[in-house]
K.L.:
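The structure's right below; bear with me while I get my questions together.
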Number of protein chains: 2
Amino acid sequence: MAQSRRPTLADVASRVGVSAKTVSRVLNEDGPVSDATRAKVLAAVDELGFRPNLMARNMRVGARDSTVALVVPEMGNPFFGTVAGGVEDVVRDRGLTLLMGSSAEDEQSELSLITAFLARRISGLLVVPATGAHHRYLRRERDGGLPVVFLDRPAAGLAADAVVSENEEGARAGVAHLIAHGHRRVAFVGDRPATLYTRKMRQRGYRAALSAAGIPYDPTLVASAHDPYTAGVAVRRLLDSPSPPTAVFCGNNFASLGVVPALAEAGRRDVALVCFDDLPLAAVLEPGLTVVAQDPAAIGRAAAERVLARLGGDRSAARTVMVPVRVIERGSGELAPPD
Amino acid sequence: MAQSRRPTLADVASRVGVSAKTVSRVLNEDGPVSDATRAKVLAAVDELGFRPNLMARNMRVGARDSTVALVVPEMGNPFFGTVAGGVEDVVRDRGLTLLMGSSAEDEQSELSLITAFLARRISGLLVVPATGAHHRYLRRERDGGLPVVFLDRPAAGLAADAVVSENEEGARAGVAHLIAHGHRRVAFVGDRPATLYTRKMRQRGYRAALSAAGIPYDPTLVASAHDPYTAGVAVRRLLDSPSPPTAVFCGNNFASLGVVPALAEAGRRDVALVCFDDLPLAAVLEPGLTVVAQDPAAIGRAAAERVLARLGGDRSAARTVMVPVRVIERGSGELAPPD
DNA sequence: TTGACTTATGTCAACGTTGACATCGACAGG
DNA sequence: CCTGTCGATGTCAACGTTGACATAAGTCAA
């Protein structure tokens, strides 16, 4: 119960009867140490339960901490969990540890989280920007050689590396897929707020597909939602309108979780549906859910590789990496409109 | 490009023409500082882009880092992501930052990850143990006052706080639910390896439900899988056996993702099904998926609260907190067996 | 046998910060 | 006018570790 101070190198040293430096040498496999001394030191380390203090070490050697920090807007969202998994796979191989924190989509928490990470002298920073946040204040860190990479959404106010999905092209392909199956009235249920980067890009793809097919853009066919409930309400209203859509393109996974049940409950399995982002069980629905699948693990890996490249001395201009998406046909997107 | 050394307190101080200590006072709102000095210091801090070095600070004040570490077996699994979200909600309110890392279900990576965290003098440690890992080596840290809490699965070889779901009771209730609807041949598709804590507890609940109903335990009705594919294969084999089950109890979410499609593809919607763990879209299936839902966010919150209590000086004996689960009826678990 | 080299160890300062204590002027009360 | 108090600041050492350098004993070729 004595809540005793943690043992230090000096404690180990005095127990063995050598200097702290010798213990340091043993633990870092630095300079020469006799086998006898080594054995005694290791025994003492074990007995005392000594753990090196990385903070002290990093300070002395003037190194950054061997950690890479990842800031995401929500921990619970499996998309970001999978992104994090991709990051970890890559950084672990380089002996780096991943630190992760959530900004809760709040600009202020994002700032304080990033500040906390910088205060720990991390080696790299990965950020999925919270809505409305800007990152001008990271300019000095970036210029000072800290790799800063943005994921899923680009940075505002800072020229920095970014890794994003092919949002526009994916949405265009998904909507074109519906049009190719005969639809002319295709609704778009996008994320909220409408200023969100992914929302904007996907809506742009939606409009591109329409105009490529010579279909005029009709704003009454566009709705916004960030949670399933709102999305459900929105899609019901669209279907009840005077000239309802025959197909729906759903712009993010939370919206999908509302749109799919809403269509099912309304008994409207005839409405064609393509969703951005894959979902578990999507293949088991009746009909199966056609999606534009992102590859979140690939996003994480690509971002981590950017960090490693910068750490390795790459001083080239900031670049944006586009990660491909792909359309997975499962039935719901291949339904023809009623004649 | 100069990759210049980061500015220190002393740099700020010499620029303003005061001592480092005065700058420290300004930044920590410690002792008295004149308004004029304060203003000049803050300006210099801004110009130089000074960031306090938390490692140096922590070392000087002899404090642990204001960080709580969470070790999970897989980042991509949304269950753990939601757990992490629960932890974060609680620790953030106390000004603590969450560090997260994945052990990839590997005993060795778990050990090195935990070692890395301990070397950073974290304030608390939360661990979802990897399969087969033991934690005797954490005894000294726990005794030294470091809060150590295990989640989802208890520790092996260490008396420590733990927060787990009511696995046994939940499985018992789920299986009893099937029995109440007339089933006598209920299969169990459990996690793998069979020594996994959650697997064992849930299987125990399965057996308890059977024996409460006077149904003999039939090992040929039990299968194991940790991934969807294997689970699908297993359930098909069960259905093709000479005396097949009329109902299936599925012991974890990855297995569910295999069992549900397998039943659908085999055209066996008549087979009753209850799954441990809720899934998105579970309500939209035909029939809706009856589940025993865990509350991962509550697990995370409870674990974080244990850490905070220990940090607050709670020296009571290690305890295990059970987080309730609940049966959500949606159709698949209420199907009657063929007569 | 000596100087050059190697092996095994020790000493000391420094990393960036802050607690403890010192200093110095201004100002109030007796 | 002296003393005590307070406000504003400075000095110094220490946190735990390791790089640079020093030392001491042993080895070996000339």
Side-chain angles (χ1 to χ4, degrees), chain A residues 3-42 44-45 48-66 115-116 118-123 144, chain B residues 3-42 44-45 48-66 115-116 118-123 144:
Chain A
Q3 179 77 330
S4 54
R5 195 176 50 81
R6 292 197 66 93
T8 70
L9 277 186
D11 298 326
V12 177
S14 75
R15 174 172 252 255
V16 178
V18 297
S19 75
K21 179 70 208 193
T22 299
V23 179
S24 166
R25 276 195 263 257
V26 170
L27 292 165
N28 296 294
E29 286 166 356
D30 201 8
V33 180
S34 76
D35 289 348
T37 308
R38 188 194 320 283
K40 277 191 288 182
V41 167
L42 290 177
V45 163
L48 293 178
F50 169 81
R51 304 255 179 206
N53 185 329
L54 241 195
M55 297 190 292
R57 172 176 221 287
N58 283 336
M59 229 187 59
R60 171 65 241 243
V61 305
R64 308 202 113 109
D65 190 22
S66 57
T115 304
L118 294 176
R120 290 183 174 81
R121 297 296 187 264
I122 52 172
S123 291
Chain B
Q3 179 77 327
S4 55
R5 194 178 50 82
R6 291 199 65 93
T8 70
L9 276 187
D11 297 327
V12 177
S14 74
R15 173 171 253 256
V16 179
V18 297
S19 75
K21 179 69 207 192
T22 298
V23 179
S24 166
R25 276 194 264 256
V26 171
L27 292 165
N28 296 294
E29 288 167 351
D30 203 7
V33 181
S34 76
D35 290 347
T37 308
R38 186 193 321 282
K40 278 190 286 182
V41 167
L42 291 176
V45 162
L48 293 177
F50 168 80
R51 304 256 181 205
N53 185 329
L54 241 195
M55 296 191 291
R57 171 177 223 288
N58 284 335
M59 231 187 58
R60 171 64 241 244
V61 305
R64 307 203 116 109
D65 189 23
S66 55
T115 304
L118 294 176
R120 290 182 174 84
R121 298 297 187 264
I122 52 172
S123 290

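The model shown is predicted, which means the values in this text are computed figures rather than measured ones. Each chain gets a letter, A, B and so on, in the order its sequence line appears, and its residues count up from 1.
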K.L.:
Compute the bend angle of the helix from C:dT1-D:dA30 to C:dG30-D:dC1 from the end axes (five pairs per end), rounded to 10°.
P.N.:
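Here the helix ends are tilted 50° relative to one another.
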
K.L.:
With a non-hydrogen cut-off below 4.0 angstrom, is A:Asn58 in contact with a base, only sugar-phosphate, or nothing?
P.N.:
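Counting heavy atoms under 4.0 Å across all strands, no contact is made by A:Asn58.
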
K.L.:
Is there a side-chain contact between A:Arg38 and A:Arg25, using heavy atoms and a 4.5 Å cut-off?
P.N.:
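SC-SC contact between A:Arg38 and A:Arg25 ruled out.
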
K.L.:
Mind listing the N/O atom pairs, protein and nucleotides 26-28 of chain C, below 3.5 Å?
P.N.:
none

K.L.:
Within this structure, what is the CG-CE distance for the pair B:Asn58 and A:Met59, rounded to the nearest 0.5 Å?
P.N.:
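Rounded to the nearest 0.5 Å, the CG-CE separation comes to 11.0 Å.
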
K.L.:
Which pair of heavy atoms, one from A:Ser123 and one from A:Ser66, lies closest together, and at what distance?
P.N.:
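Distance-wise, the nearest heavy atoms are OG-CA, 3.9 Å.
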
K.L.:
Look at A:Ser34 and C:dT9 and indicate whether a side-chain polar atom (N or O) is within less than 4.0 Å of OP1 or OP2.
P.N.:
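For C:dT9, OP1/OP2 do have a side-chain N/O of A:Ser34 under 4.0 Å.
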
K.L.:
Below 4.0 Å from chain A heavy atoms, what is the first contacting nucleotide of DNA chain D and what is the last?
P.N.:
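Listed 5' to 3', the contact boundaries are D:dG16 to D:dG19.
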
K.L.:
With sequence neighbours left out, write down each residue that passes side-chain hydrogen bond (donor to acceptor under 3.5 Å, both in side chains) with B:Arg57, or none if nothing qualifies.
P.N.:
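By the side-chain hydrogen bond (donor to acceptor under 3.5 Å, both in side chains) rule, B:Arg57 matches no residue at all.
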
K.L.:
Minimum heavy-atom separation for B:Ala20 and B:Ala13, please, with both atom names.
P.N.:
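What the structure gives for the nearest pair is N-CB, 3.5 Å.
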
K.L.:
Would you please name every residue forming a side-chain contact (heavy atoms from CB on, under 4.5 Å) with B:Ala44, sequence neighbours left out?
P.N.:
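Testing B:Ala44 for side-chain contact (heavy atoms from CB on, under 4.5 Å), a comparison that skips the adjacent residues, returns B:Val12, B:Arg15, B:Val16.
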
K.L.:
How long is the span from the CZ atom in B:Arg51 to the OG1 atom in A:Thr115, to the nearest 0.5 Å?
P.N.:
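It comes to 5.5 Å.
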
K.L.:
Find out whether A:Arg6 and A:Asn53 are in side-chain contact, i.e. whether some heavy atom of one side chain is under 4.5 Å from a heavy atom of the other.
P.N.:
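The answer is no, as the side chains (C-beta and beyond) never meet within the 4.5 Å cut-off.
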
K.L.:
Quick one: are A:Asp65 and B:Arg120 in side-chain contact, heavy atoms under 4.5 Å?
P.N.:
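Result yes, sub-4.5 Å side-chain heavy-atom pair found.
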
K.L.:
A:Val33 or B:Phe50: which one's nearest nucleotide on DNA chain C is closer to the 5' end?
P.N.:
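Nearest-nucleotide comparison on DNA chain C picks A:Val33.
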
K.L.:
Could you pick out which residue, A:Val61 or B:Gly31, lies toward the 5' side of DNA chain D when each is mapped onto its nearest nucleotide?
P.N.:
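Its nearest nucleotide being more 5', the pick is B:Gly31.
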
K.L.:
Locate the shortest heavy-atom distance separating B:Asp11 from B:Thr8; write the atom from each residue and the value.
P.N.:
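Scanning both residues completely, I find the closest heavy atoms to be OD2-N, 2.7 Å.
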
K.L.:
Closest approach of B:Leu9 and B:Phe50, non-hydrogen atoms and distance?
P.N.:
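Nearest pair, atom of B:Leu9 first, then B:Phe50: N-CE1, 3.4 Å.
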
K.L.:
May I ask you to list the residues of residues 9-27 of chain B, by number, that have any heavy atom positioned under 4.0 Å from an atom of DNA chain C?
P.N.:
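DNA chain C contact set from residues 9-27 of chain B: B:Leu9, B:Lys21, B:Ser24.
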
